[in-house]
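Here's the structure, in structure tokens; my notes come after.
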Amino acid sequence: MSKNIGGKVIVITGASSGLGQAAARFLSGEGATVVLGARRVERIETLARELTAHGGKALAVRTDVTQRDQVRNLVDVAVQTCGRIDVLINNAGLMPHSPIERLKVDEWDRMVDVNIKGVLYGIAAAMPHMVRQKSGHIVNVSSVAGHKVTPAGAVYAATKHAVRALSEGLRQEVKAYNIRTTVISPGAVATELADSITEADISENIHKFYAEFAIPAESFARAVAFAISQPEDVDVNEILFRPTRQVL
Ligand SMILES: NC(=O)c1ccc[n+]([C@@H]2O[C@H](COP(=O)([O-])OP(=O)(O)OC[C@H]3O[C@@H](n4cnc5c(N)ncnc54)[C@H](OP(=O)(O)O)[C@@H]3O)[C@@H](O)[C@H]2O)c1
């Protein structure tokens with residue numbers, strides 16, 4: 001059990017696959033109680049059963065992060081059931097890349113709703129509890145795309161730049177409440193993320209790129225654990241990691 005993870009109550013959005021699922025498994029293995037949110041409730045219920053069978057404590061709560069009430073409910077259930085919330089990982093996201101000229105406006109809307117507003121709703125749900133507790137840790141998931149913009153990735157990159165800007169402002173504002181903030185920016189990690197791309201040519205390119213370069217989701221889980229496991233007076237604010245072979 002890692003120092004400063006065991007016994008913590010950790011809420012994770014987007015826990016039904018990819019990075020969120022890997023983080024849930026890893027942190028549960030380190031002794032945290034994990035509260036899992038996602039829309040595909042059967043997946044998070046199965047994961048919660050798996051973690052419980054291995055001696056962990058886990059709870060699944062159906063959550064669509066575009067619905068403010070559902071995000072508040074996810075956090076409130078964690079606090080009601082476990083007595084507190086120590087960490088919120090705002091992880092849910094999607095990446096339907098396309099060139100702007102193809103005007104996939106509905107997909108732009110979804111990216112703004114999930115990748116930006118979902119994170120804001122998470123912060124809004126957790127803040128009152130963390131302020132009252134005078135402790136807490138908010139982990140937001142950005143991306144290498146929060147640092148670099150690529151063709152067909154402009155809107156996604158805009159949402160991930162927004163997550164970084166938001167995280168930096170949050171960091172400065174919550175010091176008085178003893179709340180820590182971390183923004184994690186992964187490079188290519190093998191998950192279902194590229195499946196949200198609906199344009200056939202872009203999807204083919206990105207899937208090829210991921211097949212060649214992507215690293216396992218445990219890389220993200222270890223980065224999260226590193227930030228959380230620091231002593232309470234250490235605030236790891238930014239982590240950017242890539243596959244060793246990824247140039248961009
Ligand atoms: N994989 C990478 O290379 C990479 C790199 C940089 C950043 N990221 C970021 O990492 C985060 C996780 O992505 P991933 O790679 O793990 O992709 P993934 O395997 O596709 O997982 C995405 C997760 O987000 C959830 N989600 C999507 N829309 C949601 C909504 N409206 N409400 C609640 N949950 C929702 C999904 O759950 P449901 O569908 O069940 O709701 C799923 O659990 C995203 O923010 C992504 O931008 C990933």
Side-chain angles (χ1 to χ4, degrees), residues 11-26 34-48 60-75 88-97 106-107 109-122 125 139-148 150 153 155-164 166-167 182-197 203 206-207 209-221 223-224 239-243 245-246 248:
V11 177
I12 307 172
T13 68
S16 59
S17 80
L19 305 188
Q21 186 183 59
R25 285 206 174 101
F26 193 95
V34 290
V35 182
L36 314 170
R39 292 166 304 173
R40 287 171 293 178
V41 72
E42 65 296 337
R43 281 207 188 191
I44 50 175
E45 282 172 355
T46 303
L47 179 59
V61 183
R62 183 200 295 272
T63 309
D64 180 339
V65 298
T66 68
Q67 303 302 309
R68 189 174 163 184
D69 291 350
Q70 293 188 26
V71 183
R72 193 190 297 131
N73 178 62
L74 169 68
V75 170
L88 168 66
I89 306 177
N90 278 315
N91 164 73
L94 73 162
M95 186 188 72
H97 276 355
D106 288 343
E107 293 183 355
D109 276 343
R110 281 180 53 223
M111 279 190 274
V112 169
D113 287 346
V114 176
N115 299 2
I116 303 179
K117 291 175 72 178
V119 171
L120 284 167
Y121 292 160
V139 178
N140 294 330
V141 181
S142 177
S143 170
V144 162
H147 297 256
K148 307 247 179 212
T150 53
V155 179
Y156 178 72
T159 66
K160 293 302 183 179
H161 276 71
V163 170
R164 281 187 62 225
L166 183 59
S167 302
T182 304
V183 58
I184 302 188
S185 299
V189 180
T191 67
E192 297 172 18
L193 191 68
D195 297 349
S196 62
I197 303 170
S203 172
I206 300 281
H207 275 100
F209 178 80
Y210 270 72
E212 190 173 351
F213 291 106
I215 51 178
E218 289 67 33
S219 56
F220 171 80
V224 174
I239 298 176
L240 166 61
F241 71 94
R242 297 174 170 84
R245 297 172 59 235
Q246 181 180 342
L248 183 76

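For clarity, every value in this text was computed on a predicted model and none was experimentally measured. When a ligand or atom number is given, it counts from 1 through the structure's own listing order.
The option from Y156, F209, F241 that lies nearest to atom 8 (N) of ligand 1, judged by heavy atoms, is Y156.
Distance from atom 44 (C) of ligand 1 to its nearest protein heavy atom, with residue and atom name: N91 O, 3.2 Å. The protein atom (non-hydrogen) at minimum distance from atom 16 (O) of ligand 1 is L19 N, 2.8 Å. In terms of protein heavy atoms, atom 18 (P) of ligand 1 is closest to S17 OG, 3.3 Å. Counting only heavy atoms of the protein, atom 7 (C) of ligand 1 lies nearest to S142 O, 3.1 Å.
Taking every non-hydrogen atom of Y210 and a distance limit under 4.0 Å, the qualifying atoms of ligand 1 come out as 2 (C), 3 (O).
When only interatomic distances are considered, the shortest N/O to N/O separation between L94 and ligand 1 does not fall below 3.5 Å. The shortest N or O to N or O distance between V65 and ligand 1 is below 3.5 Å. Residue T191 has at least one N or O atom closer than 3.5 Å to an N or O atom of ligand 1. For ligand 1, one of its N or O atoms has an N or O atom of G14 under 3.5 Å away. Inclusion of R40 in the set of residues having an N or O under 3.5 Å from an N or O of ligand 1 is warranted. Ligand 1 has a nitrogen or oxygen under 3.5 angstrom from a nitrogen or oxygen of G187. On a distance-only criterion, V189 and ligand 1 share at least one N/O pair closer than 3.5 Å.
No more than 12 heavy atoms of other residues, nucleotides or ligands shown are found within 6.0 angstrom of CZ on R110.
Under 4.0 Å from ligand 1, the heavy atoms of K160 that appear belong solely to its side chain.
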